[in-house]
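Read through the structure below, which is laid out as structure tokens, and then see the notes.
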Amino acid sequence: MENVYDVLMERGYIEQCTHEEEVKEMLAKEPVTFYIGFDPTADSLHIGHFIQIMVMAHMQRCGHRPIAVIGGGTTMIGDPSGRSDMRQVMTQERIANNAEKFKKIFERFLSFEDGKALMVNNADWILNLNYIDFMRDIGTHFSVNRMLAADCYKTRMEKGLTFLEFNYMLLQAYDFYMLHQKYGCKMEFGGNDQWSNIIAGVELIRKKTGDDAYGMTFSLLTTSEGIKMGKTAKGALWLDPEKTSPYEFYQYWRNVADADVEKCLALLTFLPMDEVRRLGALEGEKINQAKEVLAYEVTREIHGEEEAQKAQDAARKAFSGNQAEADIPTVELAAEKVGDTIEILALLSDAGITATRSEARRLVTQNGIAVKGQKVTDIKTAYTPKDFEDGDFIVKKGKKVYKRIVLV
RNA sequence: GGGGAGAUGCCCGAGUGGCUAAAGGGGGCGGACUGUAAAUCCGUUGACUAAGUCUACGAUGGUUCGAAUCCAUCUCUCCCCA
């Protein structure tokens with residue numbers, strides 16, 4: 001069987017590794033149990049988590065056993081790594097609720113049959129810890145001096161770090177230790193921002209048991225300019241279709257920068273590397289083919305074949321000028337709002353296409369609005385219910401945003 | 001516990017009585033150019049009517065014809081000392 005280490009390396013996942021040679025050897029000769037933790041701080045996973053899921057999937061395909069750990073316990077603390085502010089304290093109910101949603105996504109990518117993968121919640125062993133016991137048992141193995149020097153606290157050394165958050169590292173290390181004891185877990189993976197926490201776990205296991213444990217981190221998805229990817233105007237790029245529609249999701253990937261196409265194909269799809277390299281090498285206008293493949297593939301992974309197809313068709317139609325048939329988002333507008341006639345400004349704001357009338361006015365004056373394929377340049381332009389009758393009342397905002405307005 | 005500094009629009013940050021809806025930058029949005037790319041250029045970026053009005057500079061009161069700017073109290077943040 002192919003060594004998953006080479007696969008991960010070739011596709012560009014690996015950022016840091018504790019014991020490169022040993023890890024490579026181990027992964028080649030035996031099935032390895034490893035874990036990745038996910039803190040349910042939001043009610044949906046985002047694209048950053050997706051990379052981790054991909055890694056688990058690659059690992060499982062090569063015969064290793066993933067443990068997806070839901071951080072129901074650690075979320076009670078909040079990981080301060082790389083953050084400039086303290087996380088909001090969350091209630092147990094919300095955490096449990098979010099954890100439920102995570103499960104569904106994992107099941108799409110991992111096979112949990114016959115214990116080929118596990119999902120556990122660290123709330124099971126963290127929530128009932130006894131403070132004194134824990135401190136004597138685990139706390140003794142940590143040096144505050146070293147912790148303070150850790151890179152992940154850097155930003156917090158300027159802004160302030162509470163003792164609550166300072167404990168996070170111990171708990172994550174303890175997770176790894178527990179998984180090692182219970183399931184023989186030998187490796188912990190995570191985003192590169194988790195490096196400090198992962199090392200802490202590796203060292204804890206070595207100190208307490210003398211056993212070998214390893215850690216590896218993966219690149220955070222960044223653009224060629226080094227900016228974190230997956231940010232949209234509305235916040236993160238969510239995997240939940242309720243929060244980010246498949247169409248928006250598709251469009252995000254359709255619009256990535258040329259320079260990022262190959263990297264994204266390697267990290268976010270299962271396409272063979274030969275194909276990835278071929279697509280990434282396309283030049284000029286042709287790179288758009290690669291972007292279509294990328295957008296389609298990623299959307300298919302997350303939302304399924306059907307949704308991906310729909311998004312692709314909609315996008316193609318919308319951008320080829322043949323908008324009438326495109327499956328573009330519909331917004332409803334109450335008929336009484338329209339009355340006998342409605343002016344463009346009221347239309348845009350009432351339909352939620354713009355947040356305010358001022359914004360609508362701005363857009364119209366700046367030539368940013370088209371209705372039924374016609375630029376609207378006069379803010380006095382008005383419409384009557386008749387204009388909506390054929391169901392093709394399509395508003396184009398800027399170059400890329402299309403909305404179909406339907407009276408209700 | 002003692003002392004000091006600070007809180008301005010989405011973010012950073014200037015502004016220390018009227019010329020301030022608030023410089024500058026970033027980001028966002030629109031336009032041009034294009035390949036639904038990048039870079040670049042232009043415009044725009046509190047709200048409502050279209051020429052004013054209203055709401056805004058941590059919160060609440062006060063001084064003044066007039067306050068982001070002065071005073072008081074409060075809240076929060078950071079720094080130094082213990």
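Throughout, a chain's letter reflects where its sequence line sits, starting with A, and its residues are numbered from 1.
- B:G43 and B:G24 have their P atoms separated by 12 Å, given to the nearest Å.
- Look at A:R277 and A:E10 and you find a salt bridge, because one of the NZ, NE, NH1 or NH2 atoms lies within 4.0 Å of a carboxylate O, short of that distance.
- Residue A:K400 places its side chain closer to B:A37 than to any other of B:G30, B:A37, B:A47.
- Computed from coordinates, the A:N255 CG to B:G35 P distance equals 15 Å when rounded to whole Å.
- Residue side chain A:R361 does not reach the base of B:A47 through any donor-acceptor N/O pair under 3.5 Å, judged by distance alone.
- Distance from the side chain of A:K399 is smallest to B:G31 among B:G31, B:A37, B:C48.
- Nucleic acid contact for A:I369: none, since no nucleic acid atom lies under 4.0 Å from a heavy atom of the residue.
- Judged by distance alone, the side chains of A:D39 and A:Y168 do bring a donor and an acceptor atom under 3.5 Å apart.
- Taking atom CG of residue A:L345 and atom C1' of nucleotide B:A50, one finds them 12 Å apart after rounding to whole Å.
- As a whole-Å value, the separation of A:E343 CD from B:A50 C1' is 13 Å.
- Residues A:E283 and A:K380 both approach RNA chain B. Their nearest nucleotides, taken by heavy-atom distance, put A:E283 toward the 5′ side.
- Considering only the side chain of A:R362, B:U45 comes nearest among B:G31, B:U45, B:A37.
- The pairing partner recorded for B:C41 is B:G31, the criterion being a Watson-Crick or G-U wobble arrangement whose two distances lie under 3.5 angstrom.
- Within the nucleic acid shown, A:Q251 comes within 4.0 Å of at least one base atom, counting heavy atoms only.
- Nucleotides B:C41 and B:U77 have their P atoms positioned 42 Å apart, rounded to a whole Å.
- Rounded to whole Å, the C1' atom of B:U63 lies 7 Å from the corresponding atom of B:C71.
- Aromatic ring pairs are classed by plane angle as parallel below 30°, tilted from 30° to 60° and perpendicular above 60°; the pair A:H49 and A:H46 is tilted.
- Checked by atom type and distance alone, the side chain of A:S219 pairs as donor or acceptor with a backbone atom of A:Y13 at under 3.5 Å.
- Salt bridge status for A:R108 with A:E301: absent, with no side-chain N to carboxylate O gap under 4.0 Å.
- If you check B:G1 for Watson-Crick or wobble pairing at under 3.5 angstrom, you find it paired to B:C81.
- Taking atom C1' in both B:C57 and B:C11, one finds a spacing of 15 Å when rounded to whole Å.
- Proximity note for A:L363 (side chain, C-beta onward) versus B:U36, B:A47, B:C29: the nearest is B:C29.
- The base of B:G31 lies outside donor-acceptor range of the side chain of A:Q366, with no N or O pair under 3.5 Å.
- A:R357 comes within contact range of the sugar-phosphate backbone alone, with a heavy-atom separation under 4.0 Å but no base atom that close.
- Partner assigned to B:A7 is B:U75, using Watson-Crick or G-U wobble distances below 3.5 angstrom.
- In this structure, A:I353 places its CD1 atom 15 Å from C1' of B:G30, rounding to the nearest Å.
- One can place CG of A:L348 at 13 Å from C1' of B:G30, the figure rounded to the nearest angstrom.
- Rounded to a whole Å, the CD atom of A:E359 is 15 Å from the C1' atom of B:G43.
- Ionic pairing of A:K372 and A:D390 is present here: one or more N-O contacts between side-chain nitrogen and carboxylate oxygen are shorter than 4.0 angstrom.
- Within 4.0 Å of A:N367, counting heavy atoms only, lie sugar-phosphate atoms of the nucleic acid but no base atom.
- Closest-nucleotide positions on RNA chain B for A:I379 and A:G284 were compared, and the one nearer the 5' end corresponds to A:G284.
- Taking the charged nitrogens against the carboxylate oxygens, A:E203 and A:R146 do have a contact shorter than 4.0 Å, which makes a salt bridge.
- Taking atom C1' in both B:U36 and B:G26, one finds a spacing of 25 Å when rounded to whole Å.
- One atom, CD1 of A:I287, and another, C1' of B:U34, lie 15 Å apart when rounded to the nearest Å.
- Contact check, A:K291 against B:A38: no side-chain N or O comes under 4.0 Å of OP1 or OP2.
- Across the P atoms, B:C19 and B:C79 are found 37 Å apart, a figure rounded to whole Å.
- Nucleotides B:G35 and B:A50 are separated by 40 Å at their C1' atoms, to the nearest Å.
- When the P atom is compared between B:G27 and B:C12, the two are found 15 Å apart, to the nearest whole Å.
- Between A:R316 atom CZ and B:G35 atom C1' the separation is 15 Å, expressed in whole Å.
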